[in-house]
Amino acid sequence: MKLDASYTEQQRKTVGEQLPAIVPAADAARLAGLGAALALQGAQQFALTINRARNAAKYGPAADQVGAMDVRLEEGEQAMQQMLLAQARAQLVPPQLPANAAGIFGRVSDQDGNGIARAAILALNQAGGQAAKATTSADGSYQMTVPVRAAAAARGRIVTESAAASAEPSIVIQLQVSVGGKIVLTDEEMLTLRAGDIVLRELTVAGAATDKTAA
């Protein structure tokens, strides 16, 4: 069974209209949960640190009991870093879109998950021209809007409803990241955007001198 293109497009638009009401509530609930988990993990780390000091005083700093505590503390630190990264992602805010535009938002970070501040992000079209640009904030987050323009219709051409839906205006872009005027990343993925689309794109910069912020 083949779905009519106009029906599929209508369903996409319906979901898009509902998301602005659903997503903020879900994000708020997730942030509250992450905050509670971080507080609990912090309390556990504090208790483990105290117990480690007691074991070190009782058995000596090289004792097996102390080594076991060190392993648990390291695991707890890694868990906290993952929670902090999830918290940073949950705080990302999508852009408000004007008419005939798509949006991209996300975060630029290094391999350790630290946000990179003041990174320049360009959205390049297929001809290599600049379609949009943005600069990351202190936590490495960014958002941009990309104009999506309709192609000129052939004069006198008759277009069916399904053909019009399938020929909806779109733009293909590629993201490029620069830090301190130097290009440090060109995203391998090409994004095809239509008016009304909002895309989350996280970008990781490897092996470059960066202006980092805590995750």
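Just so you know, these numbers come straight off a predicted model, no measurement behind them. FYI, side chains are in, hydrogens and waters are out, and symmetry mates aren't considered; it's all heavy atoms of this structure.
Taking CD of Gln41 as the reference point, atom CE of Met83 lies at 4.5 Å (rounded to 0.5 Å). Of the inter-residue distances, the one linking Gln44 atom CD with Met80 atom CE reads 10.0 Å to the nearest 0.5 angstrom. Atom OG1 in Thr135 sits 10.5 Å away from atom CZ in Arg118 (nearest 0.5 Å).
Follow the hydrophobic side-chain contacts under 4.5 Å out from Leu193 and you never reach Leu97; the two are in separate clusters. Taken together through direct or relayed side-chain contacts under 4.5 Å among Ile, Leu, Val, Met, Phe, Trp and Tyr, Leu122 and Val108 form parts of separate hydrophobic clusters. Linking Ile, Leu, Val, Met, Phe, Trp and Tyr residues whenever their side-chain heavy atoms come within less than 4.5 Å places Val177 and Val199 in a single cluster. Neither Val148 nor Leu124 shares a network with the other; the hydrophobic side chains, linked directly or stepwise wherever heavy atoms of I, L, V, M, F, W or Y lie under 4.5 Å apart, form separate groups for each. Connection of Leu191 to Leu203 is established within a shared hydrophobic cluster, with ILVMFWY side chains joined at heavy-atom distances below 4.5 Å, either directly or through further cluster members.
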Apply the test side chain to side chain contact (heavy atoms under 4.5 Å, CB included) to residues Tyr142 and Lys133: give CA-CA distance (whole Å), side-chain angles for both, the deciding distance (0.1 Å), then the verdict.
CA-CA 10 Å; Tyr142 73 93; Lys133 64 179 179 179; over 6 Å; no

Carefully, step by step, assess Lys58 and Gln65 under the rule side chain to side chain contact (heavy atoms under 4.5 Å, CB included).
CA-CA 10 Å; Lys58 184 176 181 179; Gln65 294 90 335; over 6 Å; no

Side chain to side chain contact (heavy atoms under 4.5 Å, CB included) for Gln81 and Leu84? Distances and angles first, verdict last.
CA-CA 5 Å; Gln81 289 301 317; Leu84 287 167; 4.1 Å; yes

Check the pair Ile198 / Phe105 against side chain to side chain contact (heavy atoms under 4.5 Å, CB included), numbers first and verdict last.
CA-CA 8 Å; Ile198 298 179; Phe105 73 110; 3.6 Å; yes

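Although no hydrogens or angles enter the test, the distance criterion places no donor-acceptor pair under 3.5 Å between the side chain of Gln176 and the main chain of Ile183. Side-chain atoms of Thr136 come within 3.5 Å of backbone atoms of Ile116 as a donor-acceptor pair (strictly under, hydrogens ignored). Using a distance-only test at 3.5 Å, with no hydrogens or angles considered, a donor-acceptor pair links the side chain of Gln174 to the main chain of Asp187. With Asp112 contributing its side chain and Asn114 its backbone, the two residues share no donor-acceptor pair below 3.5 Å.
Of all heavy-atom pairs spanning Ile171 and Pro147, the tightest one is CD1-O, 3.9 Å. Nearest heavy atoms, Gly106 versus Leu92: O-CD2, 3.3 Å. Taking both residues in full, the closest heavy atoms of Gln45 and Gly76 are given as OE1-CA, 3.3 Å, listed atom of the first, atom of the second, then distance. For the residue pair Pro95 and Thr145, the shortest heavy atom distance occurs at CB-CG2, 4.1 Å. Taking both residues in full, the closest heavy atoms of Ser170 and Arg194 are given as CB-CG, 3.8 Å, listed atom of the first, atom of the second, then distance. The nearest pair of heavy atoms linking Met69 to Leu48 is SD-CD2, 3.8 Å.
Side-chain contact between Asp70 and Arg52: present, with at least one pair of heavy atoms (C-beta onward) separated by less than 4.5 Å. Side-chain contact between Val205 and Val179 is absent, with no heavy-atom pair separated by less than 4.5 Å. With contacts defined as side-chain heavy-atom distances shorter than 4.5 Å, the pair Ile104/Ile173 qualifies.
Taking a 6.0 Å sphere around CZ of Arg72, one finds it holds 12 or fewer heavy atoms contributed by other residues, nucleotides or ligands. Within a 6.0 Å sphere centred on CD of Glu188, heavy atoms belonging to other residues, nucleotides or ligands number 12 at most. Within 6.0 Å of CD in Gln96 there are 12 or fewer heavy atoms belonging to other residues, nucleotides or ligands.
A salt bridge does not link Arg107 to Asp139: none of the charged nitrogens lies less than 4.0 Å from a carboxylate oxygen.
Residues that satisfy the side-chain hydrogen bond (donor to acceptor under 3.5 Å, both in side chains) test with Gln82, not counting sequence neighbours, are absent from this structure.
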